[in-house]
Enquirer: 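I'd like to ask some things about the structure below.
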Amino acid sequence: RAEIVAPLLKGVQAVILRTGIIFSKELMNHADDLWIICRTGAGVDNVDVAAATGMGILVTCVPGANTPSVVEHALALILALAKHLLLMDREVRQDNFDIRFKNLPRDLKGKTLGVIGLGRIGSELARICHLAFGMKILAHDPYLTSEALSVFQGWVDFCDMERLFRNADIISIHIPLLPNTKKLIGAREFGWMKSDAFLINTSRGGVLDEEALFQCLREKKIGGAGLDVFAQEPLEKENPIKTLDNVILTPHTAALTRECVIRLATEAAKAVIEVLHGKRPQ
């Protein structure tokens, strides 16, 4: 918490920061010799970057180190939803072996994956789903350069949000939380989705209108969702989304594999060392 961290900042040149605290201008004012704030992840939405820049404090992150881990987590959520693993496990434990005859699980082969944000994580998930499962790929990313777009020529179909939401069987979100992406996806977009489509979010909870998503899931207007991130973390004790059986919830753990936390910590430490040696970190 901020009140615990604040008195520790005196005489500190570097801070390695995870996601559990907002590093505000007020908190920075407690530091008297801070050179760098390094985020152990790709997002810097919990740092007041403008304030840090004004104070001459460098803000860095560790892009790429968490890519394979987050991709695997997103894929795990996709497979768990498509194969109805939680339901199957629950029914077997309740001696309802006949659930097998309902033919609820679905194949991924030939289905359409919609990816919002084709950066490192989104593009790798798209590549794996296309090559491993023969999935068709729809993507929306207005920020890609023409050079970047050329990499996806022939296997990714770029389109607007409406076409993606209306046609995708699975939609996976991979965008940062910025002022223009806050609640970017809400009731209108959920209303475009197929009745049996799944929504996956491993980016930031704030990019979704969570109240609209809850209503959509409660009324079973879509097939389900897999969420690793939330606008408020930890989730509030009384958050009603916990009562739904068509959503899988994980505690912002996509990048917290045993291997990934070592990569993130190591790369963050390298960035700090480079700055303290007068070098510009990657």
Enquirer: Is the number of heavy atoms from other residues, nucleotides or ligands under 6.0 Å of R90 CZ greater than 12?
Expert: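 Yes, the 6.0 Å shell around CZ holds more than 12 heavy atoms from other groups.
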Enquirer: Taking atom CD as the centre, does Q215 end up with more than 12 heavy-atom neighbours from other residues, nucleotides or ligands that are less than 6.0 angstrom away?
Expert: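 For Q215, atom CD is crowded (more than 12 foreign heavy atoms under 6.0 Å).
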Enquirer: Go through the steps for R263 and E259 under the test salt bridge (charged side-chain N to carboxylate O under 4.0 Å, His left out), then give the verdict.
Expert: CA-CA 7 Å; R263 289 196 302 271; E259 297 83 0; over 6 Å; no
Enquirer: Give, for atom NE2 of H174 and atom CD1 of I200, the distance between the pair rounded to the nearest 0.5 Å.
Expert: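 Here the rounded value is 8.5 Å.
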Enquirer: Which heavy atom in C61 sits nearest to a heavy atom in A42, and how many Å separate them?
Expert: SG-O, 3.6 Å
Enquirer: Donor-acceptor check, side chain of N201 to backbone of R204, threshold 3.5 angstrom: yes or no?
Expert: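 Answer holds: yes.
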Enquirer: Do the non-hydrogen side-chain atoms of M88 and P105 ever get within less than 4.5 Å of each other?
Expert: yes
Enquirer: Check the hydrophobic clustering (I, L, V, M, F, W, Y; side-chain heavy atoms under 4.5 Å; chains of links allowed) and say if I171 and L138 are grouped together.
Expert: yes
Enquirer: Other residues, nucleotides and ligands only: do more than 12 of their heavy atoms fall within 6.0 Å of CD on Q94?
Expert: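 Count over threshold, so yes.
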Enquirer: How far apart are the closest heavy atoms of C129 and L75, and which atoms are they?
Expert: SG-CD1, 4.1 Å
Enquirer: Would you say R39's side chain and L17's backbone share a donor-acceptor pair under 3.5 angstrom?
Expert: yes
Enquirer: Does the side chain of H140 reach to within under 4.5 Å of the side chain of I175, using non-hydrogen atoms?
Expert: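 The answer is no; the side chains never approach within 4.5 Å.
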Enquirer: Is the shortest side-chain heavy-atom distance between T257 and E72 below 4.5 Å?
Expert: no
Enquirer: Donor-acceptor pair, distance only, cut-off 3.5 Å: does the side chain of T181 make one with the backbone of V207?
Expert: no
Enquirer: Within the supplied structure, the quantity of interest is the number of heavy atoms (other residues, nucleotides, ligands) at a distance under 6.0 Å from K220 NZ; does it exceed 12?
Expert: yes
Enquirer: Does D33 reach the main-chain N or O of Q13 with its side chain, forming a donor-acceptor pair under 3.5 Å?
Expert: no
Enquirer: Side chain of H130, backbone of A126: donor and acceptor closer than 3.5 Å?
Expert: no
Enquirer: Under 4.0 Å between a Lys/Arg side-chain N and an Asp/Glu carboxylate O for K83 and D107?
Expert: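 A salt bridge links K83 with D107.
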Enquirer: Group every Ile, Leu, Val, Met, Phe, Trp and Tyr by side-chain heavy-atom contacts under 4.5 Å, then state whether L118 and V70 land in the same group.
Expert: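 Yes; V70 is reachable from L118 via cluster members.
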Enquirer: Mind checking the CG-CD spacing from N66 to E267? Nearest 0.5 Å is all I need.
Expert: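 Result: 11.5 Å between the selected atoms.
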Enquirer: Look at the side-chain heavy atoms of Ile, Leu, Val, Met, Phe, Trp and Tyr, link any pair under 4.5 Å apart, and say whether I248 and M193 land in one connected group.
Expert: no
Enquirer: Give me the one residue out of L208, L77, I170, L81 that meets side chain to side chain contact (heavy atoms under 4.5 Å, CB included) with L199.
Expert: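 Between L199 and the candidates, side chain to side chain contact (heavy atoms under 4.5 Å, CB included) is satisfied uniquely by L208.
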Enquirer: Would a hydrophobic clustering, with Ile, Leu, Val, Met, Phe, Trp and Tyr connected at side-chain separations under 4.5 Å, put V47 with L34?
Expert: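 Yes: a chain of side-chain contacts under 4.5 Å links V47 to L34.
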Enquirer: Does a sphere of radius 6.0 Å around CD in E219 hold more than 12 heavy atoms from other residues, nucleotides or ligands, not counting ones at 6.0 Å or beyond?
Expert: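 Result for CD/E219: enclosed.
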Enquirer: Looking at K194, is its backbone amide N or carbonyl O close enough to the side chain of D169 to form a donor-acceptor pair, meaning the two atoms are under 3.5 Å apart?
Expert: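 Such a contact is absent between D169 side chain and K194 backbone.
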Enquirer: V5 and V15: side-chain contact (heavy atoms from CB on, under 4.5 Å), yes or no, with the steps?
Expert: CA-CA 10 Å; V5 174; V15 168; over 6 Å; no
Enquirer: So for atom CD, which belongs to E162, do other residues, nucleotides or ligands contribute more than 12 heavy atoms lying within a distance under 6.0 Å?
Expert: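 Atom CD in E162 is packed in, count exceeds 12.
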Enquirer: Between L227 and L213, is any pair of side-chain heavy atoms under 4.5 Å apart?
Expert: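 Of all side-chain heavy-atom pairs linking L213 with L227, at least one is under 4.5 Å.
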Enquirer: Find out whether I241 and E210 are in side-chain contact, i.e. whether some heavy atom of one side chain is under 4.5 Å from a heavy atom of the other.
Expert: no
Enquirer: Distance check, rounded to the nearest 0.5 Å: H252 atom NE2 versus T250 atom OG1?
Expert: 9.0 Å
Enquirer: If I compare all heavy atoms of A212 with all of G186, which pair ends up nearest, and what's the gap?
Expert: CB-C, 4.3 Å
Enquirer: Is there a side-chain contact between F158 and L144 (heavy atoms, below 4.5 Å)?
Expert: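 Of all side-chain heavy-atom pairs linking L144 with F158, at least one is under 4.5 Å.
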Enquirer: Quick one: does any side-chain atom of D228 pair with a main-chain N or O of A254 as donor and acceptor, under 3.5 Å?
Expert: yes
Enquirer: Return the minimal non-hydrogen interatomic distance between L177 and D45, and the atom names on each side.
Expert: O-CB, 3.7 Å
Enquirer: Going through the distances and angles, do L244 and F214 end up as a side-chain contact (heavy atoms from CB on, under 4.5 Å)?
Expert: CA-CA 9 Å; L244 303 177; F214 169 74; 3.6 Å; yes
Enquirer: Do V59 and F23 pass the side-chain contact (heavy atoms from CB on, under 4.5 Å) test, and can you show the C-alpha distance, the side-chain angles, and the key distance before you say yes or no?
Expert: CA-CA 11 Å; V59 178; F23 218 87; over 6 Å; no
Enquirer: Which pair of heavy atoms, one from I137 and one from W155, lies closest together, and at what distance?
Expert: CB-O, 3.8 Å
Enquirer: Please name the pair of heavy atoms, one in A255 and one in L264, separated by the smallest distance, quoted to 0.1 Å.
Expert: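 Heavy atoms of A255 and L264 come nearest at O-CD1, 4.1 Å.
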Enquirer: If I take atom CZ from residue F101 and atom CG from residue N96, how far apart are they, to the nearest 0.5 angstrom?
Expert: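 The distance works out to 10.5 Å.
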Enquirer: Any chance the side chains of S24 and D48 put a donor and an acceptor closer than 3.5 Å?
Expert: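 No, D48 and S24 have no side-chain donor paired with an acceptor closer than 3.5 Å.
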Enquirer: For atom NZ of K136, decide whether the heavy atoms of other residues, nucleotides or ligands shown that lie under 6.0 angstrom number more than 12.
Expert: no
Enquirer: Same cluster for F133 and L113 if Ile/Leu/Val/Met/Phe/Trp/Tyr side chains link at under 4.5 Å?
Expert: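 Yes, same cluster.
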Enquirer: Output the distance between atom CD (E236) and atom NZ (K242), rounded to the nearest 0.5 Å.
Expert: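 NZ of K242 is found 8.0 Å from CD of E236.
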Enquirer: More than 12 heavy atoms of other residues, nucleotides or ligands under 6.0 Å from NZ of K10: yes or no?
Expert: yes
Enquirer: Flag the pair I222 / L217 as yes when at least one side-chain heavy-atom distance between them is below 4.5 Å, and no otherwise.
Expert: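 SC-SC contact between I222 and L217 confirmed.
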Enquirer: Go through the steps for D196 and R106 under the test side-chain contact (heavy atoms from CB on, under 4.5 Å), then give the verdict.
Expert: CA-CA 10 Å; D196 59 353; R106 295 161 54 193; 3.9 Å; yes
Enquirer: So do the side chains of T266 and V62 get within less than 4.5 Å of each other, counting heavy atoms only?
Expert: no
Enquirer: Can you tell me how far apart CZ (R120) and CG (L125) are? Round to the nearest 0.5 Å.
Expert: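 That separation rounds to 16.0 Å.
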